[in-house]
> 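This is the structure I want to talk about, given as C-alpha cells.
Quantities reported herein were computed from a predicted structural model and do not represent experimental measurements. When a ligand or atom number is given, it counts from 1 through the structure's own listing order.
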Amino acid sequence: MDKRIDGFSKLSKEEKIDWITRTHFKNSSAAASQLSSYWNSDPSLQTKHDEFIENTLTNFYMPLGVAPNFLINESLFTLPMVIEESSVVAAAGNAAKFWLNKGGFKTVVIDTLKVGQVHFMYKGNPKLLYAFFEKNKKTLLHATSELTQKMELRGGGIVSLDLVSKTTALHNYYQLNVRFKTADAMGANFINSCLESLATTFENLAAKETFFMEKEASIEIVMSILSNYVPECLVKASVSCSLDEIEHQEGLSGKKFAEKIVQAVAIASCETFRAVTHNKGIMNGVDALIIATGNDFRAIEAGVHAYAARNGQYTSLSKASIIDDQFTMELILPLALGTVGGLTKLHPMVGWSMELLGNPDAKKLMEIVAVAGLAQNFAALRSLVTSGIQKGHMKMHLFNILNQLGAKSVQKEAALNYFKKNTVSVKAVSDFLHSNET
Ligand code: MEV
C-alpha cells in the first residue's frame, strides 16, 4: 500500500481517518473505531479540540489529578496536575502535607523580563553600524508603538533595545537584543510581532544610508524570534523549618533526614548524571501544572535546562542547607508564563484549572508552579534518602500493573489489600493473580 499522499490536509476528518486506517493498520475498522471512541460526545467541544492543531483525528487523554493542602504565602491552594506518571500527584500531596504545619511554602517573583532578538549579518565597519543604531534607536522604538501601546497600558512593553556584536562567536553576526515585559501574557506573539517590525524598520532605515548601500556593508536580516531562555524571568520558592520540627522519617531522626537531603542536593550540584534526574523530578511538578494551565511545556523545559547550565556545568536547580539548626530548601526557576491568551481561554479544562487556583495572574502562577517543582523535589529526595524510590512508586504503579495484566475488579481489591504488606513487582502481581483466579 502506497503511504505517500498529496493534499492530506484538505481531506475531511472522516476521509483522513479512512485513508490512515486503511493504509497503516491491519484491522482498519477497529483502528477507526478506536479513534472515534475517544471523541467527545459533545460535538462543539470536540470541534474546539480539533481546531487546536492540524489534521486532528481524535483526542489523546492525560489524567488530571489534584494535590491539596499547599500553603503558599499563608494561602491554601489545591494544585491541578496533568501527568501520566503514577506517584507524582501523591508525592506532591505528601510534600504539601509535610510543610503544611511547618510554615508552608514562601515565594517571590524576582523579575519578569523576556528576551527577543533580531539576528543579522553585517560585514562593514562596526563603528558606522553602532553610530547608525544610536542615531535611529528612537525611530526604531517608535515604529513598534502601535504594537506596544496596549501592552504598555497593561504594564508591559519594550524595556531595552541594544545592538550587540557577536562577531567573535560568528563572523559578521550582530543582533538587536530586546528585553520585554508582557504583563499576564506569555507574550510570544507580541514579542515576535515587535521584533519583525523592528527588523523591517531597521532594514528600511539602513537602505537610506549611503554607506550601507555598498554590497559589503549591507545589513542582512537572518531571523527575528523570541528566546525561550529567560534568565531574568525568575521566581523563587522556599521552605524552611527548624530541625526539631521534623518528625522521624522511616527510622531516621529529623536531623539525620535533613542532613541526607542536604547531601543529596550537594551530589546533584556537582554530578551531572544525578543533576539531570534531580531536575527531572522538579519538572514532574512543573510540567504537570504547566500543562493543566495551558502553558507551553516545551518552552519551559528548554529554558529551565539552559538555566541549569548557565555557569557552564549542568547543575541542580534546587539548593538545601542547614544553618543554625534551620533546614531550608529553595528553588529558583526561569518561568515565562501566561494567564491570558494562547490556550488559556480556549481549553475548557484550562479554565477549570485556573479557577481551582483562584484565577492567578502570571506572577502568582509563576509562584505556584515553582512551589510544585520544589514540592516534587522534596518528595523525591524524601523517598530516595529513606525507603528508596521503588517502594512508593511500585505501590502507586500497582494499579497500572493490574490493568496491564487484565485483573478483574475483585482481584484488584484483593491485590490492593495483599500488597499493603508485600513488595510490588510485575512478577509478584502476576503470581498473585494466578493464585487468586476467579
Ligand atoms: C522520577 O520521575 C523522578 C525521580 O527520579 C526524581 C529524582 O530522582 O530526584 C524520582
> Using side chain to side chain donor-acceptor pair (under 3.5 Å) as the criterion, point out the one residue from Thr58, Thr47, Asn55, Asp50 that pairs with Lys13.
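Result: among Thr58, Thr47, Asn55, Asp50, Asp50 is the only option passing the side chain to side chain donor-acceptor pair (under 3.5 Å) with Lys13.
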> Distances only, to 0.1 Å: what are the N or O pairs between ligand 1 and the protein that fall under 3.5 Å?
unit_1	atom_1	unit_2	atom_2	d
ligand 1	2 (O)	Glu85	OE1	3.3
ligand 1	2 (O)	Glu85	OE2	2.6
ligand 1	2 (O)	Lys280	NZ	2.7
ligand 1	2 (O)	Asn284	ND2	2.9
ligand 1	8 (O)	Arg274	NH1	2.9
ligand 1	8 (O)	Arg274	NH2	3.4
ligand 1	9 (O)	Arg274	NH2	2.7

> Within 45° of the axis and under 6.0 Å from the centre of the six-membered ring of Tyr418, does NZ or CZ of Lys421 qualify?
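Judged by the rule (NZ or CZ under 6.0 Å from the ring centre, within 45° of its axis), Lys421 is not positioned above Tyr418.
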> So Phe327 and Phe378, would you call those rings parallel, tilted or perpendicular, with 30° and 60° as cut-offs?
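If you compare the ring of Phe327 with that of Phe378, the planes turn out tilted.
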> Write out all pairs satisfying ring-ring contact (aromatic ring centres under 6.0 Å, His included) with one or both partners inside residues 335-368, taking only residues at least two apart or from two chains.
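ring-ring contact (aromatic ring centres under 6.0 Å, His included) check on residues 335-368 returns His49-His347, Phe52-His347.
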> Give every donor-acceptor pair under 3.5 Å between a side-chain atom in residues 264-280 and any protein atom, sequence neighbours left out.
unit_1	atom_1	unit_2	atom_2	d
Ser269	OG	Val265	O	2.8
Glu271	OE2	Phe273	N	3.0
Thr277	OG1	Phe273	O	3.3
His278	NE2	Ser316	OG	3.1
His278	NE2	Ser318	OG	2.8
His278	NE2	Asn377	ND2	3.4
Asn279	OD1	Leu317	N	3.0
Asn279	ND2	Tyr314	OH	3.0
Asn279	ND2	Thr315	O	3.0
Lys280	NZ	Glu85	OE1	2.8
Lys280	NZ	Asn284	OD1	3.0

> Please list all pairs meeting ring-ring contact (aromatic ring centres under 6.0 Å, His included) that have one or both residues in residues 63-96, counting only residues at least two apart or in different chains.
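Only Phe70-Phe105 qualify under ring-ring contact (aromatic ring centres under 6.0 Å, His included).
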